[in-house]
Chemist: 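Below are the structure tokens for one structure; questions will follow.
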Amino acid sequence: MAIESVLLNVTDIPRSVEFYRRHLGAEVIGAGDDSAVLDLVTAQLVLYRIDTPAESTWVGDDLQRGFRHVGFKVSDLDARVDALHDAGVPFHLEPIHAEGDVRITFFYDPDGTLLELVEGPLQYHEVYDRSAVERDWGLGDPDRPRFDHVAETVADLEATKEHYGELGYSLMSGIHQPSDDRGFEINFLRHGDSSLEIFTYDKAEKAERSPQLDAPGFVAVAFEGRTAPGTVVGTTGDREVYSGPDGLLYTVANA
């Protein structure tokens, strides 16, 4: 498990715990007034309460560099979408059949973190590491939602590969988006049982985002390992936070 956990700022711990328990099958490892830890099979979600949140500068158009969404594999997408609709959860994208022969949908958690559900094994258009793809497919259909990836928009795929290569990641596969006139491509960097899903847009301008640790929503990815090639931008909890070349924030367990 190269991604140990995903760190989120939330304004109401019990509300967020119930949301992830109810809609994503999370198992509660521990919960208190200020934080909670939830198990999502291949990684954990770590929730931190934020009492005086700043207004988030995150923009959900995929052309802002850095964090895009957190993705989960499911085997019962329609049933989960129905339950989300019944609960009044806001959607970013209703279910569609997407490139790679999978069904996907996007919605928001109570603090605005964009989440994706993916049903079916991705049929990659490009395979660069067959053994990694086989291990990915070998995880099978999940009995309950399984953490699968964190997505990031980047300016330079080669620089991204080099940076995360220092954390053990390598290029596994890619999916083309021929109907998108922005030059949109998705590549997957793999290490352990989850991926970094890398978005590039060769024909569109990308916007930068300054590091933000005091807003609700996604804060950082927590990687296993000892190397931290990024730049320190602050702390969250007791963890030092680094920024990658496109602003994805992360911590490293033993750096």
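We count residues from 1, following the sequence as given.
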Chemist: Output, in order, the C-alpha distance, side-chain angles, deciding distance and verdict of side-chain contact (heavy atoms from CB on, under 4.5 Å) for F72 and D148.
Modeler: CA-CA 5 Å; F72 302 87; D148 183 69; 5.7 Å; no
Chemist: I'd like to know if R146 pairs up with D141 as an ion pair, taking the criterion as any Lys NZ or Arg NE/NH1/NH2 lying under 4.0 Å from an Asp or Glu carboxylate oxygen.
Modeler: no
Chemist: Tell me if the aromatic rings of F199 and F184 count as close, with their centers under 6.0 Å from one another.
Modeler: yes
Chemist: Of V6, I3, L38, I29, which meets side chain to side chain contact (heavy atoms under 4.5 Å, CB included) against Q44?
Modeler: I29
Chemist: Just checking E208: does its CD atom have more than 12 heavy atoms from other residues, nucleotides or ligands closer to it than 6.0 angstrom?
Modeler: no
Chemist: Thinking salt bridges, do D181 and K203 make one under a 4.0 Å N-O criterion?
Modeler: no
Chemist: Test ring pair (Phe, Tyr, Trp, His ring centres under 6.0 Å) on Y124 and F188 and set out the steps.
Modeler: CA-CA 10 Å; Y124 301 106; F188 297 83; 5.2 Å; yes
Chemist: Using a strict 4.0 Å threshold on nitrogen-to-oxygen distance, state whether R15 and D111 make a salt bridge.
Modeler: yes
Chemist: A quick test of your reading: do over 12 heavy atoms of other residues, nucleotides or ligands sit less than 6.0 Å from CG of D61?
Modeler: yes
Chemist: Decide if atom CD of E162 counts as having more than 12 heavy atoms of other residues, nucleotides or ligands within a radius under 6.0 Å.
Modeler: no
Chemist: Say whether D62 and T153, considering side chains only, have a donor N or O and an acceptor N or O under 3.5 Å apart.
Modeler: no
Chemist: For the residue pair F67 and W58, categorise the inter-ring angle as parallel (less than 30°), tilted (30 to 60°) or perpendicular (more than 60°).
Modeler: tilted
Chemist: Between R103 and E119, does a salt bridge (Lys or Arg N to Asp or Glu O under 4.0 Å) hold up when you go through it step by step?
Modeler: CA-CA 5 Å; R103 295 183 69 235; E119 183 180 68; 3.5 Å; yes
Chemist: Under 4.0 Å between a Lys/Arg side-chain N and an Asp/Glu carboxylate O for E152 and R65?
Modeler: no
Chemist: Does either side chain, that of E224 or that of H191, offer a donor lying less than 3.5 Å from an acceptor on the other one?
Modeler: no
Chemist: A quick test of your reading: do over 12 heavy atoms of other residues, nucleotides or ligands sit less than 6.0 Å from CD of E205?
Modeler: no
